[in-house]
Number of protein chains: 2
Amino acid sequence: MVMNQQDLDLTFGALADATRRGMLVQLSQGESNVSALAEPYNISQPAISKHLRVLEKAGLIERRRQGREQIVRVKPERAAAAADWLAYYTQFWKQQFDAVENYLKNVKKQKKK
Amino acid sequence: MVMNQQDLDLTFGALADATRRGMLVQLSQGESNVSALAEPYNISQPAISKHLRVLEKAGLIERRRQGREQIVRVKPERAAAAADWLAYYTQFWKQQFDAVENYLKNVKKQKKK
DNA sequence: TTAAAACATAACCAAATGGTTATGAATCAA
DNA sequence: TTGATTCATAACCATTTGGTTATGTTTTAA
């Protein structure tokens, strides 16, 4: 999946909150309705709704109605794409870091001489 | 590296902005001073300073003084840990997604009968 | 039929975010 | 020595964010 800048904004933004990450972790165990998802957190029900909306706008979850319940399930594509993005650049950052480390080490050696 | 919730908040939060991601991408090519980093963006210099501060607080970059210049370089550990976190759960989200897909497919088949 | 359950939505609030202009400090170059 | 360069910091502003309470809607269960 190709992620544009806005997708990355929304995805990383959604992941930048412990409550929302907790919900995603919970959903890795299986589908859930909203009440069950809310249970571990002692914030109000509307606050939970807002978090779910953020996750939905980021494309990280999907909802379907089942009677009066709302069944939430995870949608892994965006998260996978964000993980790929991060892994891709991490590789270069590591290379860059090592290169600079070696350079600084050499400079130190030169000074000792 | 073990990431606590606050580290993940800061790291994903820092990544949730296109300007900051652009800076990190730029830094994957090598160290840079602040002016060179700022060049592609037409926002004010203090705005650049703020973005750098966010990246620094998240532990994604490091700075050192060199005369009147500030040399910025990337620090890959946090990004790597965040990438690991994402990759780890993505695996379960994919499993979960596939399981639900199969379940829903079976339900459809049953209905056809 | 009526009360409870499971949500969404609206209105509001404080704090955080991303931007600005103005200003100042340190360093370098002429 | 003085002016330009390279930055940081302070003060301010509008918007976003994460929370709240109040209220309404739909569905289920008694």
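Letters go in sequence order (proteins before strands), and every chain restarts at 1.
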Determine all donor-acceptor pairs shorter than 3.5 Å in which one atom belongs to a side chain in residues 74-84 of chain A; sequence neighbours excluded.
from: A:Arg78; atom 1: NH1; to: A:Ala58; atom 2: O; distance (Å): 3.1

> Do the side chain of B:Trp93 and the main chain of A:Leu27 share a donor and acceptor less than 3.5 angstrom apart?
Replying inline: no

> Got a sec, which residues hit side chain to side chain contact (heavy atoms under 4.5 Å, CB included) with B:Ser49, two or more places apart in sequence or on another chain?
Replying inline: B:Gln45

> Considering only heavy atoms, which members of residues 36-46 of chain B lie under 4.0 Å from some atom of DNA chain C?
Replying inline: B:Ile43, B:Ser44, B:Pro46

> Got a sec, which residues hit ring pair (Phe, Tyr, Trp, His ring centres under 6.0 Å) with B:Tyr88, two or more places apart in sequence or on another chain?
Replying inline: B:Phe92

>> Enumerate the side chain to side chain donor-acceptor pair (under 3.5 Å) contacts for residues 1-14 of chain B, please, sequence neighbours excluded, ordered by first and then second residue.
In response: A:Arg21-B:Gln5, A:Arg21-B:Asp9

Protein-nucleotides 16-18 of chain D N/O pairs closer than 3.5 Å?
from: D:dG18; atom 1: OP1; to: A:Arg20; atom 2: NH2; distance (Å): 3.4
from: D:dG18; atom 1: OP2; to: A:Arg20; atom 2: NH1; distance (Å): 3.2

> How would nucleotides 25-30 of chain C be written as a contact map, 5' to 3', with B for base contact, S for sugar-phosphate-only contact and - for no contact, using protein heavy atoms under 4.0 Å?
Replying inline: --BS--

> Can you list the residues that meet the side chain to side chain contact (heavy atoms under 4.5 Å, CB included) rule with A:Ala36, with sequence neighbours excluded?
Replying inline: A:Ser32, A:Asn33

> With sequence neighbours left out, what residues match B:Ala38 under side chain to side chain contact (heavy atoms under 4.5 Å, CB included)?
Replying inline: B:Ile48

>> Taking salt bridge (Lys or Arg N to Asp or Glu O under 4.0 Å) as the definition, give me every residue that meets it alongside B:Arg63, ordered by chain and number, with sequence neighbours left out.
In response: B:Glu56

>> Measure CD/B:Gln70 against C1'/D:dA8 and give the value in whole Å, please.
In response: 9 Å

>> Under 4.0 Å from OP1 or OP2 of C:dC7: is there any side-chain N or O of A:Ser49 that close?
In response: no

>> What is the distance, to the nearest angstrom, from the CZ atom on B:Phe12 to the C1' atom on C:dT17?
In response: 19 Å

>> Do B:Thr19 and B:Met23 have side chains that approach each other closer than 4.5 Å (heavy atoms only, starting at C-beta)?
In response: yes

>> Going by side chain to side chain contact (heavy atoms under 4.5 Å, CB included), name the residues that satisfy it together with A:Gln66, two or more places apart in sequence or in a different chain.
In response: A:Arg64, A:Ile71

> Which whole-number value in Å describes the distance from A:Arg63 CZ to D:dT26 P?
Replying inline: 17 Å

> Residues in salt bridge (Lys or Arg N to Asp or Glu O under 4.0 Å) with A:Glu39, at least two apart?
Replying inline: none

> Are OP1 or OP2 of C:dA5 and a side-chain N or O of A:Ser35 less than 4.0 angstrom apart?
Replying inline: no

> Could you give the CD1-to-P distance, from A:Ile48 to D:dT20, as a whole number of Å?
Replying inline: 9 Å

